[in-house]
Amino acid sequence: MIRDQIRQIVTDAVAAAQGSGNLPSIDIPLVEIQRPNQPEHGEYSSNVAMLVASAVRKATGQKTNPRQLAQSIVDEIPVGELIGSVELAGPGFINIRLDERWLQGKVVEIIAQGSAFGAIDRGAGQRWQVEYVSANPTGPLHYGGGRNAVLGDTLANLLEAAGYEVQREFYVNDSGTQFQLFIESLYATYLQLCEELGGEPGRNVEIPEGGYQGAYLKDYAQLVRDMENGSLFHMEQSTAKDALRKIGREIVIRDIEEELAALGVTFDRWFSEKSLYDEGLVDKLLEQLTDEGEIIEKDGARWFLASKYPGNEKDEVVVRSNGAPTYFASDIAYHYDKFVRRKFDRVINVWAVDHQGHIPRMGAVMEALGVEPDRLVILLYNLVKLIRDGQEVKMSKRSGDFLTVREVVEEVGPDAVRFMLLTTSPERSVEFDMSLAVQRKNENRVFYVQYGHARICSLIQRATENGIVDPEVIPDDAAETVNLLTHPAELTLIRRMLEMEEQIELAVERLSPHNLTYYAEDLTKAFSAFYENCQVLHSDVPPALARARLLLCLAARTALSRVLNLMGMSAPEAM
RNA sequence: GCGCCAGUAGCUCAGUGGAUUAGAGCGUCGCCCUGCGGAGGCGAAGGUCGCAGGUUCGAGUCCUGCCUGGCGCGCCA
């Protein structure tokens, strides 16, 4: 990465300055390389001289002049291939500018890298898992689940770009009370439907207290009938429900899968909670933890002694006094499976804020299982408030009266939904104004980015038709041709594109996919400015320069489509 | 009551490994079409970074206290 190269050069310069006695030989922490706010300050800067000055003062009490120290470092920085110029500024900043020739040469490299542009090897050899959405399989996805899906999916994309081997997983809660209620509700709805369609009367089964009664249940019941030809109607209740557990699960999972696919979100694995019980892993672990004194019996229930561990105040029930395990019991087994069996180096669980209380308990579980707690990371995100026509869209899952991910995607479009949900940092709650998202397209920045991409494509298309460029082939003289790119707008665009690696690293480091949307805008802005200022296909433009600019366009298309793809959005050639 | 998160321009939000003049979009007000897609470009106005202290040569960023809002503190998930 460029930043790392710069860091190395500055670090070497510091050592050289110390070696020649111009810089006090004092231990310095890792040299920091920043991105200055002002473009006049160059692409990179370092405050290392100020840090040295303060370290000297702390160690010896002597005052030194940071500008003087900085100068001694500047003197040792080789200007040449990568670095165009170095200057001393302000109280002792070292401002670094990249070499123009070097920048120009990068255009060809970007084109050559294609869809892999920006990839870094930060995660080489590491297997990470991202577990996201994991909504209860009891109906279509509630709108809020959309944010979870977008965050998890984009984060997984970013991790892959950063070199990690990533597994995307959806945990299916197909064994808890909620799923049971769903099955009961589906059964009742199914019977009603059969009666309406001319079945025998007298099978009055009500939707249970606290059950599900959304309109979708009727659709599901119809699907059950299609699959079973009404045979469940005559079965004995418990047999019918057993069968329904399987069919109902299949129907609801397929429904959720389709909704997510419409958002561009997919999974490598749908992990069944029930399977943890079926294979006896839950029991096995409860026994093991009991033997180890982590679980005790009290008041007829079995408790995991979470309070032994930091951050936890209370113990947690794993088996109720009625003998039924809580979700927490299977969670222990599930995470055992993730870390001990499947050996993921790290797992990121994407959770809504209302699950925050669960975090310390999971930390305790990790400790009890003897797994390094840092290997489990929770990405917590805040809720989404949906606004339509200036009013909050109220949603209640219980009554079934809620907007689904599918409906929102249909109304707004998948790219716009993703972009809007991605612009806000996860810990903040977000107001999603649907009316605005569809009507005022210029307020939705995703169109700006996609429009930029479409413009590039149209330009390249014309150039291809005129035989000026072949987008599939990098010409032999490309390296010399790009040296004609000296206009400030051209160089700014190249600089922006070269931020890609750092942006990916930053987003991965902070688990902040939203940074990407801002980068995408900046990148597009740089292209638009170039587009306005530098003609490409115009008789006044010398042919060589035109070809150079077309190469720049090819690189820009590469960069822009890469960002869009990372965010899970389409990069349209026309719109 | 305790805990977690948020409070930055009229609005929606970036920026929080401390650092050179706090940014963007929208909105407002100016410019720019005898040029490749104007869904564009250039510029201006607009901010006591919730409040009060503290640490530091330097704080939107770190520490403490407070205010406001959201969420959490179940034998629910």
Side-chain angles (χ1 to χ4, degrees), chain A residues 29-30 32 34 36-38 40-41 45-47 50-51 53-54 57 63 66 89-93 95 134-136 173 176-179 210 298-303 311 313-314 316-328 331 351-360 380-383 385 420 423-433 436 440-445 447-448 450-452 454-463 489 509-510 512 514-515 517-519 521-522 524-525 527-541 546 549-550 553 574-575:
Chain A
L30 188 69
E32 301 277 353
Q34 292 105 352
N37 295 324
Q38 263 64 39
E40 311 88 80
H41 298 148
S45 75
S46 179
N47 63 350
M50 280 118 92
L51 294 179
S54 94
R57 198 168 50 84
K63 273 199 172 178
F93 288 100
N95 291 340
S134 298
N136 274 332
N173 299 108
T177 13
Q178 293 306 314
F179 185 69
K298 191 172 69 184
D299 306 328
R302 296 175 73 187
W303 301 71
E313 286 164 8
K314 296 176 309 174
E316 205 61 28
V317 171
V318 284
V319 180
R320 303 179 181 90
S321 48
N322 68 6
T326 63
Y327 78 101
F328 192 64
D331 250 15
W351 289 354
V353 270
D354 54 348
H355 287 60
Q356 63 184 252
H358 194 43
I359 296 174
L380 219 55
Y381 67 94
N382 219 313
L383 304 174
K385 208 188 266 184
M420 295 198 80
T423 46
T424 309
S425 72
E427 64 272 20
R428 259 176 107 117
S429 65
V430 41
E431 288 196 0
F432 188 132
D433 192 326
L436 220 59
R440 319 258 306 257
K441 288 192 169 176
N442 56 336
E443 281 198 19
N444 196 338
R445 302 306 286 167
F447 294 109
Y448 174 70
Q450 291 182 322
Y451 179 68
R455 277 170 131 186
I456 301 176
C457 292
S458 141
L459 200 52
I460 292 170
Q461 173 73 26
R462 284 182 50 144
E509 204 167 78
R510 297 189 185 165
S512 61
H514 70 283
N515 290 134
T517 62
Y518 294 91
Y519 175 59
E521 281 193 59
D522 288 343
T524 309
K525 197 170 179 181
F527 170 73
S528 296
F530 155 75
Y531 185 86
E532 292 289 330
N533 286 298
C534 306
Q535 275 101 46
V536 182
L537 305 174
H538 192 271
S539 53
D540 292 351
V541 180
R549 288 182 170 165
L550 279 166
C553 286
M575 54 191 291

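Source: prediction; values computed, not measured.
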Whether Gln356(A) side chain and Val353(A) backbone form a donor-acceptor pair below 3.5 Å: yes
Flag if over 12 foreign heavy atoms under 6.0 Å of CD, Glu313(A): no
Hey, what are the protein-to-nucleotides 34-36 of chain B N/O distances that come in under 3.5 Å?
from	atom 1	to	atom 2	distance (Å)
G35(B)	N2	Gln535(A)	OE1	3.1
G35(B)	N2	Gln535(A)	NE2	3.3
G35(B)	N3	Gln535(A)	NE2	3.2
C36(B)	O3'	Arg462(A)	NH1	3.4
C36(B)	O2	Val536(A)	N	3.4
C36(B)	O2	Leu537(A)	N	2.7
C36(B)	N3	Val536(A)	N	2.9
C36(B)	N4	Tyr531(A)	O	2.7
C36(B)	N4	Cys534(A)	O	2.6

Suppose we call a contact any N or O donor and acceptor under 3.5 Å apart; does that hold for the side chain of Thr177(A) and the base of C76(B)? no
Residue pair Asn95(A)/Gly300(A) against RNA chain B: nearer the 5' end by closest nucleotide is Asn95(A)
Using only atom types and a distance under 3.5 Å, with no angle test, would you say the side chain of Asn95(A) pairs donor to acceptor with the backbone of Ser45(A)? no
I'd like to compare against my own output: the B/S/- annotation of nucleotides 4-14 of chain B with a strict under-4.0 Å heavy-atom distance to protein. BSSSB----SS
Do Asn37(A) and U21(B) have a side chain to base donor-acceptor pair shorter than 3.5 Å? no
Looking only at side-chain N and O atoms, does Gln461(A) come under 4.0 Å of OP1 or OP2 in G37(B)? no
Between the protein and nucleotides 56-64 of chain B, are there any N/O to N/O pairs under 3.5 Å, and if so, what are the atom names and distances?
from	atom 1	to	atom 2	distance (Å)
C57(B)	OP1	Arg57(A)	NH1	3.2
C57(B)	OP1	Arg57(A)	NH2	2.6

Measure from the side-chain N and O atoms of Asp299(A) to the backbone N and O of Ala301(A), and report whether any donor-acceptor pair falls under 3.5 Å. no
Contact nearer the 5' end of RNA chain B, comparing Asn322(A) with Pro36(A): Pro36(A)
Measure from the side chain of Ser321(A), starting at C-beta and using heavy atoms only, and say which of C75(B), C71(B), A19(B) lies closest. C75(B)
Quick note, Ala301(A) side chain, CB onward, closest among C75(B), C42(B), G40(B) is C75(B)
Within-4.5 Å side-chain heavy-atom neighbours: His358(A) and Asp331(A): yes
